[in-house]
Every structure is written in structure tokens, then in C-alpha cells.
**Student:** 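Before anything else, here's the structure in question.
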Amino acid sequence: MRHGKYPFVIGFLFVPVTLYVVFVIAPYAQAFQISMTNWRGLSAPQWVGFDNYRRLLDDGSFWKAVQHHGVLLLALPLITIAIALFFAFLLNVGGKSSGGQRQGVWGSKFYRVVFFFPQVLAVAIIAVLFQMVYRPNESGLINGVLMKFGFEPVLFLIKPNLALWSILAVLVWQAVGFYVVLFSAGMASIPTEIYEAAEMDGATRVTLFFRVTLPLLWDTLQVAWVYLGIAAFDAFAIVAVLSVDSGGPDGATTVLAMEIYRNAFVYSKYGYASAMGVALFFLTITFAALTLRLSKRESVEYS
């Protein structure tokens, strides 16, 4: 500080900013550059300009993956947030009052651990677990029960009209626990006096949820929606391990990350794969910006 404020700030930020530029900004810039070339990884890249992006417009696999992202983008945040909010409300303010304090349902501390458990598992392990759950014979967890009662097995990952929804169920199961904890932390910061005042005015638990809890959790919900939207633009590991033929059957579960991997490491079309990566980058950034813009509202203050 003896040399002035700005030299101190610059010296303090130099290392982290340099690391961010080298390991984040530079790879993004390189991806933009490669997307303008026809490069197969061995010979020198050939500059083709925007040809790769024009090819994207006529690529059925690309648009099918975008369509799947649209389904996941709508369903994953809605279902996950709805389930997580319900459980978080029960675990924090769903029980009876005790000593002037709102409490969750009986055993809420144990349930928090149970809900958060999927977060400690690697995504690949979750996919392998659900391979056994969805197995289309008597050794599968679901079909084994169905077949014991005389029902036909359900081909969750084999039927094209069920495969994507089966993948979605796994994504929701994996994500719910984290958002239960996130919403629980937000609810724990809401003063008990607010709930007590609402109850004295005759508010039911449903009214408490929609009139008190939701408005005071709006900022947390906004963050959760953005995070889940970004997760909906990924889903690579679950699709790669769990789906038939890595995105099948017949492309019914493919996502952009899967198409990027296939074009880069199977077809050796690194320039075209980079163009898909750039498109995915802009789709994700656009979604996050629109979500933050459209969901912006005045924050509710309480003391």
C-alpha cells in the first residue's frame, strides 16, 4: 500500500486474472478459431470461414439435439424446483411450532442427508446405477417388480418415445437433493416472526408457501433456474453412459455435447465440432441472460 492503491490491487489480481485468461479465455478463443477451419487433427488446419456454421443449419442431428435441449430446458428446472421446494418446505416449516420456532416434519435432519446423498456420487456412477434400475428384464429394479405382478417389461431406454423422459428422470433425481439444501438454507434465513404473523392472520400452510416463502426465496429460485438451465445444456455423462448407442435409439436422447464428442473423437471433424461448441456456448449464455432479465424483480426486504 505504500506504493499506492492501484499498484496494490493490480499486484493482488495479477496471478488469478492471468490464470483465468490462460485456462478459460484462451481455450474459448482457440475454439472460435478452430471452428473457422476444416481440421482433422493431423494435417494443418484449412481456413473455411463460416462454412461449418452453414453446415449446422442443414444438420438434422444438430437440430434434433437442440430440440432435446429445449425439452430438458423446460422440464428439468420446473420439475426439479417444484419437488425441491416441496421437500424443503416440509423439512423447514412444515411441522408444528415449538417454543416459538417453526420446525420441519419429524426426522427432517435425517431426510436432509438422504436427499443430499446423490450429490456425493459421481455422475457416471449414477448412470450405471440407473442402468440396473431400467434394465429391460427381470434383473431390472422396476421391470423385476412389474414382471412379478404379471406385467410386461417397460423398455425405458429402448423405446424412442420413453428414452428422453427416462434420462430426464435421472437428471431430476440427481439434482433434487442439492436444491433441497439450497432452498432450506434460504428458508432458514426467513425470520420466524413473519410466519407467526401470517398464521395469526389465519394463513394456512398453502398460503404460507405461496404468499410468504416463495416471494422471499425469489433470488434463490432465480439462481436455481439458471443453474438447472445450464445443466440442461449439458447432460453428456448421463447420456453417454445410460443411453443406447450414446444418444440413441436413433438419436432419441442425443444432446449437443454428445454430438460434439462424436464429431471430434469419432469422425475427427474438429473444426465442425468446435462450431457446435461455439453454438452451445451462445445458447447457454443467451439462456442465462434472458432468464436473469425476465425474472428480474425488486427484492423483498425483511428485518
Side-chain angles (χ1 to χ4, degrees), residues 55-80 83 117-119 121-177 228-270 272-277 279-280 283-284:
R55 286 179 56 194
L56 285 179
L57 299 178
D58 298 323
D59 190 341
S61 298
F62 171 78
W63 289 111
K64 183 178 289 187
V66 171
Q67 181 183 359
H68 296 159
H69 282 300
V71 174
L72 295 177
L73 196 60
L74 179 63
L76 179 60
L78 281 175
I79 298 173
T80 303
I83 296 175
F117 179 71
Q119 296 298 312
L121 300 176
V123 179
I125 293 176
I126 292 174
V128 172
L129 287 175
F130 272 89
Q131 280 183 334
M132 293 184 286
V133 172
Y134 288 146
R135 194 167 291 169
N137 50 41
E138 64 276 1
S139 62
L141 180 62
I142 298 177
N143 284 317
V145 174
L146 292 177
M147 294 176 72
K148 284 185 180 297
F149 286 96
F151 294 99
E152 291 293 325
V154 180
L155 306 179
F156 291 101
L157 299 173
I158 299 176
K159 285 190 175 182
N161 59 335
L162 289 178
L164 184 62
W165 297 105
S166 301
I167 296 290
L168 173 64
V170 179
L171 294 173
V172 171
W173 183 87
Q174 178 204 9
V176 161
L228 285 166
I230 294 174
F233 278 114
D234 182 17
F236 170 76
I238 295 292
V239 172
V241 177
L242 193 57
S243 64
V244 177
D245 296 330
S246 298
D250 194 25
T253 59
T254 190
V255 291
L256 280 177
M258 192 74 251
E259 293 300 319
I260 292 170
Y261 175 86
R262 184 178 289 111
N263 279 278
F265 300 108
V266 177
Y267 305 140
S268 296
K269 298 178 180 179
Y270 295 100
Y272 190 57
S274 296
M276 283 190 175
L280 178 59
L283 285 172
T284 306

**Student:** Can you check side-chain contact (heavy atoms from CB on, under 4.5 Å) on L283 and L256, steps first, answer last?
**Tutor:** CA-CA 11 Å; L283 285 172; L256 280 177; 3.9 Å; yes

**Student:** Please report the closest heavy-atom contact between P153 and M147, naming both atoms and the distance.
**Tutor:**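 Looking at all heavy atoms of both residues, the shortest contact is CB-SD, 4.1 Å.
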
**Student:** Atom CG of L155 and atom OH of Y134: how far apart are they, to the nearest 0.5 Å?
**Tutor:**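 With rounding to 0.5 Å, CG (L155) is 13.0 Å from OH (Y134).
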
**Student:** Could you tell me the separation between the OG1 atom of T80 and the CD1 atom of I83, rounded to the nearest 0.5 Å?
**Tutor:**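 Here the interatomic distance stands at 6.5 Å.
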
**Student:** Hey, is the main chain of A252 close enough, under 3.5 Å, to the side chain of D250 for a donor-acceptor pair?
**Tutor:**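 Flag not set: sc D250 to bb A252 has no pair under 3.5 Å.
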
**Student:** Checking K269 against R55 for the side-chain contact (heavy atoms from CB on, under 4.5 Å) test, could you report, in this order, the C-alpha distance in whole Å, the side-chain angles of both residues, the deciding distance, and whether it holds?
**Tutor:** CA-CA 12 Å; K269 298 178 180 179; R55 286 179 56 194; 3.9 Å; yes

**Student:** Contact between W173 and I126 at the side-chain level, heavy atoms closer than 4.5 Å - yes or no?
**Tutor:**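 Heavy-atom side-chain distance check passes, below 4.5 Å.
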
**Student:** Report the distance from atom CG of N263 to atom CG of D59, rounding to the nearest 0.5 Å.
**Tutor:**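 Rounded to the nearest 0.5 Å, the CG-CG separation comes out at 7.0 Å.
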
**Student:** Does Y261 have more than 12 heavy atoms from other residues, nucleotides or ligands lying within 6.0 Å of its OH?
**Tutor:**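 Open: at most 12 neighbouring heavy atoms sit under 6.0 Å from OH of Y261.
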
**Student:** Report yes if some heavy atom in the side chain of T254 is under 4.5 Å from a heavy atom in the side chain of V239; otherwise report no.
**Tutor:**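 Counting from C-beta outward, T254 and V239 never come under 4.5 Å.
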
**Student:** Decide yes or no for I167 and V255: does some side-chain heavy atom of the first lie under 4.5 Å from some side-chain heavy atom of the second?
**Tutor:**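 A side-chain contact is absent here, since even the closest heavy-atom pair is not under 4.5 Å.
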
**Student:** Judged by atom type as modelled, is there a donor-acceptor pair below 3.5 Å linking the side chain of N143 to the main-chain atoms of R135?
**Tutor:**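 Judged by distance alone, yes, a pair lies under 3.5 Å.
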
**Student:** Any chance you could measure L129, atom CG, to Q174, atom CD, to the nearest 0.5 Å?
**Tutor:**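 Rounded to the nearest 0.5 Å, the CG-CD separation comes to 11.5 Å.
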
**Student:** For S243 and G248, which heavy atoms make the closest approach, and how far apart are they?
**Tutor:**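 S243 and G248 have their closest heavy atoms at CB-O, 3.9 Å.
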
**Student:** So, taking the atom named CG in L228 and the one named CG in L171, what distance separates them when rounded to the nearest 0.5 Å?
**Tutor:**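 So the CG of L228 and the CG of L171 are separated by 10.0 Å.
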
**Student:** Quick check: does any side chain N or O of T253 sit under 3.5 Å from a backbone N or O of G247, one acting as donor and the other as acceptor?
**Tutor:**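 Confirmed, T253 side chain pairs with G247 backbone.
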
**Student:** Strictly distance-based, threshold 3.5 Å: is any side-chain N or O of W165 a donor or acceptor partner for the main-chain N or O of F156?
**Tutor:**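 Checked: no pair found.
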
**Student:** Restricting to non-hydrogen atoms, name the atom on E259 and the atom on A65 that form the minimum distance, rounded to 0.1 Å.
**Tutor:**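 Shortest heavy-atom separation between E259 and A65 comes out as CG-CB, 4.3 Å.
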
**Student:** For the residue pair V154 and I142, establish whether any side-chain heavy-atom pair is separated by less than 4.5 Å.
**Tutor:**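 They are not in side-chain contact.
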
**Student:** Which heavy atom of G229 sits nearest to which heavy atom of P77, and what is that distance?
**Tutor:**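 For G229 versus P77, the nearest heavy atoms are N-CG, 4.3 Å.
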
**Student:** Can you measure from OH (Y272) to OH (Y267) and round to the nearest 0.5 angstrom?
**Tutor:**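 The distance works out to 11.0 Å.
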
**Student:** Measure the shortest side-chain to side-chain distance between F236 and I260 over non-hydrogen atoms and say whether it is less than 4.5 angstrom.
**Tutor:**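 Not in contact.
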
**Student:** Report yes if the side chains of M276 and F62 come closer than 4.5 Å at any heavy-atom pair, otherwise no.
**Tutor:**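 When only atoms from C-beta onward are counted, F62 and M276 do touch, with a gap below 4.5 Å.
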
**Student:** Indicate the ring-plane relationship of Y270 and F265, choosing parallel, tilted or perpendicular according to the 30° and 60° boundaries.
**Tutor:**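 Correct class here is perpendicular.
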
**Student:** Please report the closest heavy-atom contact between L56 and W63, naming both atoms and the distance.
**Tutor:**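 Taking L56 first and W63 second, the nearest heavy atoms are O-NE1, 3.2 Å.
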
**Student:** For the residue pair A124 and V241, what are the closest heavy atoms and their distance?
**Tutor:**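 Result for this residue pair: O-CG1, 4.4 Å.
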
**Student:** Using side-chain heavy atoms (C-beta onward) and a distance below 4.5 Å, is Q131 in contact with L242?
**Tutor:**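 A side-chain contact under 4.5 Å exists here.
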
